[in-house]
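The structure presented is a predicted model; accordingly, all values stated were derived computationally and were not measured.
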Amino acid sequence: MQPDRLKWFRDARFGMFIHWGLYAVPGGIWKGQEMDYIGEWLQAKFRIHSAEYAKLAEHFNPQRF
């Protein structure tokens with residue numbers, strides 16, 4: 001970040017927290033079933049085994065989001 005933009009950011013006291021994880025890959029849909037609430041509960045809602053869920057890591061690329 002350029003020094004003048006960093007100064008603006010600090011002076012404006014602006015902050016942002018972005019929380020995401022593997023659940024972002026399927027986008028709230030698992031095997032044709034769609035979540036009816038927040039996607040970060042995907043693994044629990046559809047009772048996805050950890051080994052199967054971990055395979056999503058192969059497709060997780062934050063640069064593409």
What is the minimum heavy-atom distance between Trp20 and Pro62, and which atoms define it?
->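 Closest approach of Trp20 to Pro62, heavy atoms only: CZ2-CB, 3.4 Å.
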Closest heavy-atom pair and its distance - Pro26, Leu56 |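 Looks like CD-CD1, 4.0 Å.
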For residues 41-55, which side-chain N or O atoms pair as donor and acceptor with protein atoms under 3.5 Å away, sequence neighbours left out?
unit_1	atom_1	unit_2	atom_2	d
Gln43	NE2	Ile48	O	3.2
His49	ND1	Ala51	N	3.1
Glu52	OE2	Lys31	NZ	3.2
Tyr53	OH	Tyr23	N	3.2

